Amino acid sequence: MSERTVRASERRRESTDASLKQIGNIIYSQIQNREFPWIMMQSRSTDNIVYDPELGQYILGSRTIRRHSRNIRHIRPFTQMVWTAWFARELVHLRKTSTLREVYYSARGQADIEFKGQSESDGIITDLEVALNRPREDFNIFPEERSAIFGDLTIEYTVPGYEGRRMNLTDHPDGVMIGPAVTSSEFVETSADKVLVIEKGAMFTRLVEEKAHDKFNALLIHTAGQSPRSTRNIIHRLNKNHGLPVYIFTDGDPWGIHIAMVIISGSANAAHLRGLATPEGKWIGVWATDILDYKLPTENLTDNDLKRLKELKTDPRYKGDIWQREIDIFLKIGKKAELEAFSRYGLTYIVDEYLPAKLEAV
Amino acid sequence: MTQVVYQSISPSDFFYRNREIAGFSNPSRAIYSAVRELLENSLDACEVQRVPPDIYLRLTELAASETGSNIYMLRIEDNGTGLPSDQIPNCFGKVFYGSKYILKQARGTFGLGGTITILYGQITTHEPVTIVSSIGGDIHEYEMMIDIEHNRPLILGHTVTKNKKAWRGTVVQLQLEGDYSRIKSRLIEYIKQTAMVNPFASITFVDPRGRLFRFERGTEKMPPLPSAVNPHPHGVDVEAFRRFISITKTRNMKTFMIEHFQGVRQTSAEKFLKSADINPKTKPSSLKPEDIVKLVRAARKYSDFKRPDPSCLSPIGEELLETGIRKELKLTEDDFLKVVTRKPSTYLGYPFIVEVAIAYGKSISKQFKGGITIIRFANRIPLLFDESSGVVWKAINRNINWSTYKVFGDTSLVIAVHVCSTKIPYKTVGKEYMADQPEVEREVGNAIRNAARNLRLYISRSIRIAHERRRLDIFGKYLPKIAEFSAKLSDREEQPDIEPLLKAVSASIPEVERKIKEMPTLVGENS
C-alpha cells in the first residue's frame, strides 16, 4: 500500500474537518459576543456568475453576501447550513459517505429545520461548498451513482477498509460505477492514450463489446446524460494529471452539444468550484455536418430544440468556430440525429468506420 | 244592476281591514309586532318620566291549535309615567289618539301602536284588554274593548285601588292569536338590540316555554329628552301649511313665517316672501289656495333659511351606544369598538343624525360568522327585516370598498347604524327599512368610513403585533438550534447564550401592544 496515497487523502480529510470546525467556532463566538451570527460567502446569484475565458469556465464574481441570522428570511437556511456542516463533520469523522438524497432524509425529524424537498437540501449543501470553498465530495457527500468507467486504468482505493487495494477497470465488463470509492481513489497507471466519453449507456455497452478500448487504446466513460460532478472531476484528472486527450461523443442535438460543453467548460451551478472542467476536451460528434456527410436518419428539431440552439448561440462558452458553425447548420437543416442513428449502417459501423474517421480528423 | 254603496269607515275599521300594513300580516309576525309596539310604548313612557326603564314582558300560551297558530296572553309592565285615569280609555281604545303628534323624535308616530295591538287581540280572540296604570295616586284598572265601527273605547269595568307603595307605571295585558315558535329567534334578537340602544333599560322577558331572558342595564344615564320644535319650511307640505293658516293668530305673513316655522328670521322672512311673490303684509287668512301652493313650492327652493334645528333629535350618544353594544355583544377590553355620532344634517327639511358603531375582535368572530353583520336602528328602534333593501345595506355593501380598511370577505365585523330624525325616510308602511335618500346615504357612508378609519389603524396594528410575534416565534425556534449545532460543530459542551439575542428581537412588542390598547380613544373627530 502506498504511503503517499494515504497521506494525501488523510491530509485532505483533516483540513476539511478543520474548516468545518472553524465555521462552528465563528458562529459560537458571534453568539457569545451578543451578535446575531452570520457567514460571509460569495454570491451565487446569476449576476455574479461570470465566464472566465482564461480558465475556459464559469467562475463566481467578486460580490459577496452575508447569510445573516438577524434576517427573518435567512435564519432558516442559516440554521440548516449549520446543521449540514455538523452533519458533514460527522461524516468526515466517521469516515462514512453519504448521498445528497440521504442528507435530505437525515434532516427528517430535526423539527423546524428539516428540508422541504431535496432541492432545498441540495441548495444548502452548495452553499456550504461556497462558504468552505470545497466540493461536497470533500465532506463525503456524493451524488447518486449512475455513470460508469471502463478501460485499462489501475486505481488505488482510499476508502475505509480498502485502503491501498488496487483494481483494474477492465475487470468488470459492464464498466465500473463511478461512486465515492472510484472518485476518491488515486489513479496509479494506465496504458490508454485517450479518453472517450459517451452520453448514452447503450452506446457505451456497444463500444465495450466491440472492444473499442483496445481498438482506440482508450478509457471509456459513460455519463448517463448530463455528467455528474464526480465524473467530470475524473475526466478532468485524467486529462490534466495524466495528459490524456478527451473526446466527447453525444447525440446530435442541442442537449447533446451541451453535455459536451459542460464537460469542457463547466456549468454555472458549479461556478464556485475548480477541477471540474476540461477545457482541452473535444466534442467529436454527432455534428450537424455528420448528419449531412453520413446521411443519418433524422428527426425534425422541435420548437424547444430551436429555442435552446438560439440560447446556446449567444452563450459565451460557445464562442469557438466549431460550435458556431455546427449550431448554424443545425438551425439551417432543422434536423437532429441520435447516436443510435449509425445503426442504419450496421451495428459495428460506428466503431469500424465513423469513430476512426472522426478521431483521425481532430 | 248593482247598486254602489258609499260609506265612510272609522280609522279602527280601516286598520281592522288593513292590519297587515301595521305589521300584523301573519301569526308569527303578529307576535313580533305586538311585543314591539307595547315595549316601545313602555320605553317612551319611562323616558318622559326620566326614570331608567324596568320592563317586564311575559308571553303565556293559553291554548294550542293544530294549525300552529295559538292563543297567547301578552303582559307588559313598566315603571313609566303612567296615564291619568280619564285618558286611559281613549289612549288604548281609539286609533290616532296620543301625545306624539308633535314634531319631535319619538319611537312610534302612527299613534296606534298600542291600540292596533289591542285591536288585533280583540279580533282574533274576542277577549277584552286589561290596563292598569297610575301616575302616583290611586291605581286605576280598566277592562275594555274597542268599538271598531265607531272608533271609541268600550269600558267593561273600572276599579280603583289605593296605591300604598306609590307605584307609578302601566300594565297592559291582552290575549292574541299568534305563532311564537317561528318568530322566537327574531323576537329575542329584537329585544337584545333594543337593550343595545337603550343601555339604561332593564328588560325581562319570559317566553311561553317559561324561559327567562334578562337584559340588564349597563348604566343609569339617559340621553337628554328631545324638545318639540316648529317645522322647517323645507319640510312642510300644503296641508300642514293650510292648517297653520287656519289656526294662526298672526296678522301678516312675515310674522306668520317667523312664528310657525323654525329657521326663519326677519330678513329671511322678507327675502323668502319676496321670492314667492307674496307681500309680507298680507293677512294669512286672506291667502288663496293657489297662494299656499306657491308658498310651499317657493319654500322648497329657497336656500337661505337656517338649517333645521336638531334639538328635537335624541341621538343615543357615543358613550351610551358604546355601553349598550359592549354589554349586548359581550365585548372585552381586547376587542375593537368605535362609535361615531355625526353632526346633525338634513334631508328635505327634516333634521337627522347618524350614529355608527363598528365592533371587531375575538368576541365578534366567536359569535358571528365571517363577513359584515349589520344592525340597524331608526329612532332607537331595531329594524330586523328587509335588510338588503335598505340604505344601510347599500352604503356598506355597495358604496364602500372594504379592502381599503383591511377588511376582507372572511373578516367578522359588526356594524350598527342608528339614524334618528323627526321623519325617518321609511320606504314602506311596514317601517322595516330606510330609503336611500341621497343625504342620508351620504351621511351613513361618512359615519361608517369615519369609524372604519379607526378600524384600519387597529387592524394594521394587530397585523403588526401578529407579525412581531411570528418573528419572535421564528427566532425562538431557530436560535436554539443554531446554538446547539454551532456548539457541537466546534466541539464544545456548553451552548452559547442566546437570551440577549431573543431580547433584542422582542423589544418592540410591548410598544406596539401599548399603542393598540390606546386605539379607541385615538381619533374621534367628525369629518
Side-chain angles (χ1 to χ4, degrees), chain A residues 14 16-39 66-94 103 106-115 124 128 131-132 139, chain B residues 334 362 403 406 408 410-411 456-517 519:
Chain A
E14 277 164 14
T16 303
D17 180 58
S19 62
L20 285 166
K21 180 175 175 178
Q22 179 63 10
I23 285 194
N25 274 329
I26 291 171
I27 292 169
Y28 189 96
S29 49
Q30 282 168 337
I31 299 176
Q32 284 299 55
N33 292 334
R34 307 185 155 217
E35 193 183 343
F36 277 87
W38 51 272
I39 293 173
R66 279 184 198 202
R67 171 140 305 162
H68 210 304
S69 64
R70 183 72 175 88
N71 184 324
I72 199 88
R73 279 191 301 276
H74 284 184
I75 189 162
R76 179 182 146 88
F78 186 91
T79 313
Q80 288 172 327
M81 193 161 149
V82 179
W83 178 86
T84 307
W86 167 80
F87 182 80
R89 191 157 181 246
E90 290 289 295
L91 288 176
V92 172
H93 273 190
L94 298 169
V103 172
S106 301
R108 283 290 177 90
Q110 290 290 336
D112 303 326
I113 61 174
E114 62 179 47
F115 300 106
I124 296 291
L128 195 58
L132 292 173
F139 34 89
Chain B
D334 294 334
K362 278 212 184 85
S403 60
K406 298 190 187 293
F408 301 97
D410 54 348
T411 317
R456 181 183 54 203
L457 214 58
Y458 179 88
I459 291 181
S460 51
R461 282 189 185 155
S462 308
I463 291 171
R464 213 180 121 199
I465 285 215
H467 183 76
E468 291 291 323
R469 289 228 176 85
R470 208 159 47 234
R471 275 176 69 88
L472 184 59
D473 260 15
I474 289 172
F475 284 109
K477 217 153 64 176
Y478 291 113
L479 283 174
K481 301 267 179 199
I482 296 176
E484 177 189 345
F485 288 106
S486 70
K488 281 184 178 171
L489 186 56
S490 56
D491 296 330
R492 287 179 167 92
E493 300 279 315
E494 291 272 311
Q495 290 187 16
D497 182 13
I498 53 167
E499 276 311 310
L501 301 186
L502 285 176
K503 240 177 231 156
V505 181
S506 58
S508 56
I509 288 186
E511 171 70 6
V512 184
E513 270 176 349
R514 189 180 54 70
K515 268 194 190 158
I516 205 165
K517 283 259 160 64
M519 255 304 300

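From a predicted model like this one, the values you see are computed outputs, not experimental measurements. Convention: sequence-line order gives letters A, B, ...; per-chain numbering from 1.
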Peer 1: Please check if atom CZ in Arg34(A) has more than 12 non-hydrogen atoms from other residues, nucleotides or ligands closer than 6.0 Å.
Peer 2: no
Peer 1: On the 0 to 90° scale, with breaks at 30° and 60°, tag the Trp83(A)-Phe115(A) ring pair as parallel, tilted or perpendicular.
Peer 2: perpendicular
Peer 1: Salt bridge between Glu484(B) and Lys488(B), side-chain N to carboxylate O under 4.0 Å?
Peer 2: yes
Peer 1: Answer with side chain, backbone, both or neither: which region of Phe78(A) has an atom nearer than 4.5 Å to a non-hydrogen atom of chain B?
Peer 2: side chain
Peer 1: If you count heavy-atom pairs within less than 4.5 Å of chain B, which of Asn25(A), Ile27(A), Ile26(A) leads?
Peer 2: Asn25(A)
Peer 1: Is it the side chain or the backbone of Gln80(A) that comes within 4.5 Å of chain B heavy atoms, both, or neither?
Peer 2: neither
Peer 1: Return the NZ to OG1 distance between Lys481(B) and Thr79(A), rounded to the nearest 0.5 Å.
Peer 2: 9.0 Å
Peer 1: For Arg470(B), is it the side chain, the backbone, both, or neither that has a heavy atom closer than 4.5 Å to a heavy atom of chain A?
Peer 2: neither
